[in-house]
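Step one of this worksheet: look at the structure below.
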Amino acid sequence: MSKTSVKSTALEQRVSLAQDGAGPWLMQVLTRYGLLLLCIALVVLFSLLTPSFASMLTLQAILSSKAKIALLALAATIPMIVGKIDLNVGFGIVLWHILAITLQVEYGFSWQMAVLTVLAISALYGLLNGILVALADIDSFVATLGSGTVLYAIALWHSGGRQIVGDLPDAFIALHHTEIAGIPIVAFYVLIVAVVLWLITEHTPLGRCMYAVGGNPAAARLNGISVNRFTIGAFIASSVLTGFSGVLIAAEQGVGQAGVGMDYLLPALVGAFLGSTTIRPGRVNVWGTVVGIAILAIGIAGIQQFGGEFWVEPLFNGATLLLSITLAGYAQRRRLLNQKAVQRSQATPADNNNQTATHP
């Protein structure tokens with residue numbers, strides 16, 4: 001485990017304005033922060049074209065509607081860091097939001113116990129997925145697609161294919177509908193989760209081990225890292241965060257129905273894939289995911305301001321997913337090339353020193 005004391009940026013090629021010139025430095029800035037700059041540019045553009053876009057009402061609408069997608073994108077980011085994919089960020093919330101309501105309406109649970117029960121069951125479900133992927137050695141896409149389909153069937157059976165309605169406590173509804181200084185509280189949930197995940201993944205040995213597992217599982221295992229443990233843990237964390245998002249959807253809508261949930265899968269995955277192309281290009285990262293979701297939210301909101309049809313949002317999400325995967329692959333290849341360049345530059349001085357020592 002001592003190997004993980006090396007900084008996670010140790011193999012990233014460093015470009016400075018003084019040493020490398022303006023061209024390479026500007027290219028690195030655009031590569032890392034291009035999407036963030038595009039996000040700002042979209043806000044300015046839509047604000048100039050549609051004055052109503054630059055309003056507190058638009059900001060509240062975006063934050064309120066896209067915060068759950070942002071949480072699900074962050075949930076998808078966790079397994080991606082260890083090189084896996086979890087489709088249950090879409091399948092899972094179908095059952096979790098229904099369960100959060102039925103436990104209160106039909107089984108008399110307090111809202112606190114209902115929330116804790118949903119989180120506990122989602123953790124067990126994440127454990128199951130982790131075991132299927134890490135121990136049974138099933139491809140993560142296949143494993144989560146299969147288990148997610150089963151979970152969706154359970155949601156249909158549990159709800160009987162009907163809407164679950166009833167009187168919910170005001171405190172439960174307030175989990176979503178509260179505002180702080182005019183900002184929806186769900187936006188603060190996203191901020192808190194993002195900061196915590198960023199601190200863990202970028203500034204702790206746990207996070208460096210996760211990236212090591214995702215980068216090269218065989219090498220990570222040889223360095224004493226428990227690949228299975230980190231893989232299972234990633235699926236548990238992802239599932240718990242998905243369960244929390246399901247609770248928020250239940251508090252927002254007040255109705256449980258099996259038709260809710262799958263619409264969240266594609267934009268959540270788009271945000272996570274798109275995030276791997278910015279901030280730390282070629283590497284899944286927390287703030288990149290947040291920027292990716294912001295691009296989706298601002299782009300769709302701006303298009304809708306111009307009277308876009310109902311089919312514009314899925315079209316935008318699908319096209320952005322294809323683009324993001326293409327960019328992510330390109331960024332990953334560039335990152336590998338940069339790492340090899342750094343390794344060669346580090347090896348050259350050592351070789352020169354050895355030659356000097358053998359030929360005094």
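Both backbone and side-chain heavy atoms feed into the values below; hydrogens, waters and symmetry mates do not.
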Ser122 side-chain N/O to Leu119 backbone N/O, donor-acceptor pair under 3.5 Å: yes
Partner residues of Lys66 under the salt bridge (Lys or Arg N to Asp or Glu O under 4.0 Å) criterion, sequence neighbours left out: Glu313
Within residues 150-196 or reaching into it, pairs that qualify as ring pair (Phe, Tyr, Trp, His ring centres under 6.0 Å) - sequence neighbours excluded: Tyr189-Phe244
Leu71 and its side chain to side chain contact (heavy atoms under 4.5 Å, CB included) partner, picked from Thr242, Ile249, Leu248: Leu248
side-chain contact (heavy atoms from CB on, under 4.5 Å) involving Ala220 - partner list, sequence neighbours excluded: Ala212, Val213, Ile225, Val227
ILVMFWY cluster, Trp287 and Met80 together (side-chain gap under 4.5 Å): yes
Pairs touching residues 38-52 that satisfy side-chain hydrogen bond (donor to acceptor under 3.5 Å, both in side chains), sequence neighbours left out: Ser52-Gln305
ILVMFWY network linking Leu191 to Met56, side-chain heavy atoms under 4.5 angstrom: yes
Non-neighbouring partners of Glu106 that pass salt bridge (Lys or Arg N to Asp or Glu O under 4.0 Å), sequence neighbours left out: Arg162
Ser245 and Trp96, any side-chain heavy atoms less than 4.5 Å apart: no
Sidechain-backbone polar pair: Thr58 side chain, Ala54 backbone, donor-acceptor under 3.5 Å: no
For Thr77, side-chain contact (heavy atoms from CB on, under 4.5 Å) partners two or more places apart: Ile81, Ala272, Val284, Thr289
Pairs satisfying ring pair (Phe, Tyr, Trp, His ring centres under 6.0 Å), at least one member in residues 54-94, at least two apart: none
Results of side-chain contact (heavy atoms from CB on, under 4.5 Å) for Pro184 - residues two or more places apart only: Gln60, Leu63, Ser64, Val186
same_hphob_cluster(Leu103, Val255) at 4.5 Å side-chain heavy-atom cutoff: no
Residue pairs passing the side-chain hydrogen bond (donor to acceptor under 3.5 Å, both in side chains) test where at least one lies in residues 248-262, sequence neighbours excluded: Lys68-Glu252, Gln163-Gln257
All pairs passing ring pair (Phe, Tyr, Trp, His ring centres under 6.0 Å) where residues 44-73 contributes a residue, at least two apart: Phe46-Phe53
For residues 107-118, which side-chain N or O atoms pair as donor and acceptor with protein atoms under 3.5 Å away, sequence neighbours left out?
from   : atom 1 : to     : atom 2 : distance (Å)
Ser110 : OG     : Met113 : N      : 3.2
Thr117 : OG1    : Met113 : O      : 2.6

Main-chain N/O of Asp86 paired to Thr144 side chain as donor or acceptor, under 3.5 Å: no
Single-linkage hydrophobic cluster, 4.5 Å side-chain cutoff, Ile78 and Leu74 together: yes
Hydrophobic cluster membership, Leu127 vs Tyr125, 4.5 Å side-chain cutoff: yes
Non-neighbouring partners of Val150 that pass side-chain contact (heavy atoms from CB on, under 4.5 Å), sequence neighbours left out: Ile154
